[in-house]
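Computed from a predicted model, the values in this text were never measured in an experiment. Heavy atoms only: backbone and side chains are in, while hydrogens, waters and symmetry mates are out. Just follow the structure's listing: the first ligand is 1, and inside any ligand the first atom is 1.
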Amino acid sequence: MTEESAHDGSEFESDVATDGGSDDEGVVRRDRFSGGPARSFLSSLAADERIFAADLEVDRAHTVMLAEQGIIGDDVAGQILTAIDAIEVDGHDSLPDGEDVHEAIETAVIERIGADGGKMHTARSRNDEVATCIRYRLREDVLEAIETTLALRESLVEVAEAHTETIMPGYTHLQPAQPTTMAHWALAYEGAIRRDTERLLEAYGRINESPLGGAAFAGTTFDIDRERVADLLGFERVVENSMDAASSRDFLLETVQALSTHATTLSGLAEDVIIFANRGFVDLADDYSSTSSIMPQKKNPDTLELVRAVAGDAAGGVQGLTTTLKGLPRAYNRDLQRATPHAWETVDAVTEASEVAAGAVATADWNEETLAAAAGEGFSTATGVADLLAANGLPFRTAHELVAIAAERGADYDALEAAAQEVLGESLEAHVDPEAVVNALDPAESVASRDSQGGPAPEAVAPQLESAREALATDEETLADASDALEAARGALRSEVNGYV
Ligand code: ARG
């Protein structure tokens, strides 16, 4: 080590010492964490900027509880809380160097008010502290992600409402399969994204639990009130077992998995719209398109290609997190420090993709004529014709064969008649009203006839639209309630703090 880097290491030290404390305390750790080649490798301070504000809230709630329980004096609590306010104003960048944000904030408090600042870390450890900070911050991030799923659902429902009669080709294997409507297509994605919202809401429920007071993992001798801290921070309940509280990260995994599922849904939606743009079915708004630097005529669906790619980021997040957590023994291990960024990266990427997808869908222009013209391509009404023949008494397998032969020979009424002669040895008219056949060959009629529950016929789409609207309203309310609860907790904590500062 050079002299210079040895000197860098000494920045971790402080001339203010605290009395006592556990083996993972801040400034008191100068003997053990005075620097060295692994110093930056050990430190999460830069990445912890994400939980800086959360940590200050967690510190406030913990300090208030310590004072209420008579574990620290009100005067010391007041000094600590005043220092925390000042540290918040100065911001994360002004924190002293340290192993992580928890240590740096404590050091900053001690630098401001002296050794008594170290009392803020009574009856807790960085292990329960970091778990609480992550949950605190992730709640906000997940609510934001959920909000983007709702915006996307709103966009899709609006497309559906405007296009219950807009006929379009439906595909399987990317081959024209059966005609459907834009509304039916849009509601297919709305249904999937509705479940994505549900999964994120469920994950939210399990994020929203307080580990604070679990301490290093084995609880504490102090007479703390964990429920009170949970309440001050707006958590629904505490994570009961202190070892579970300090060391579990399944809430991260579940959240990232739910985000990854949503990203996968988004990638399919993006791919569809990219294909539709290619076919001229849809014009993306300029805001969501890109041009070529060389080909002047180009308008490319770049935003949706990036949305499609985010599924890869999210799958990477799941993979990174799973393999980091796999085989970790209880209780806390430092590996957990590297687990957290997978969650931040995934939630950021997926939230942005979801928001962009919502905007792209909301502003796209659907070309009804082009869609209708393409709706019948590839003899997409063939299944309807076979269904008609079967409904008129032919075994479905025979009808299927007859229509398959007609498909090879022109896919119109004449081709069907010729196929009937070949397969049945008599005219189609012996089995079915020719007008009904002509109707079945028409894509619009074909769609109108598929009115089974959940089908594309406008009257079958109407109840789907209704349940989409209802579910959206319910989820919007749930989201608003969750955000209000967090806001209320912030306000209530502030009033408590004001009683001391
Ligand atoms: N920076 C650490 C993390 O993110 C905080 C907890 C450190 N605890 C410890 N015992 N070293 O996990």
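Contacts with ligand 1 closer than 4.0 Å are made by no heavy atom of E129, backbone or side chain.
Looking at D100 next to ligand 1, an N or O pair under 3.5 Å apart turns up. Looking at Q337 next to ligand 1, an N or O pair under 3.5 Å apart turns up. In terms of polar-atom proximity, defined here as any N/O pair under 3.5 Å, N127 does make such a contact with ligand 1. Where the criterion is an N or O separation shorter than 3.5 Å, residue side chain and backbone included, T340 fails it with respect to ligand 1. Residue S44 places at least one N or O, backbone or side chain, under 3.5 Å from an N or O of ligand 1.
R60 forms no cation-pi arrangement with Y500, by the criterion of a distance under 6.0 Å to the ring centre and an angle within 45° of the ring axis. Seen from the ring of F41, R39 does not count as a face-on cation partner, given the 6.0 Å and 45° thresholds.
Within ligand 1, the atoms closer than 4.0 Å to a non-hydrogen atom of V130 are 3 (C), 4 (O), 5 (C), 6 (C), 12 (O), numbered from 1 in the order shown. Atoms of ligand 1 found under 4.0 Å from any heavy atom of R334, numbered from 1 in the order shown, are 11 (N).
The distance between the ring centers of F276 and W185 falls below 6.0 angstrom.
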Mind listing the side-chain donor-acceptor pairs of residues 479-487 below 3.5 Å, one per line with the distance, residues two or more places apart or on another chain?
residue, atom, partner, partner atom, Å
S483, OG, L479, O, 3.1
E487, OE1, R490, NH2, 3.0

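Annotation: ring-ring contact (aromatic ring centres under 6.0 Å, His included) contacts of F217 (sequence neighbours excluded): none.
At a threshold of 4.0 Å, the pair E496-R228 counts as salt-bridged, since one of the basic side-chain nitrogens sits closer than that to a carboxylate oxygen.
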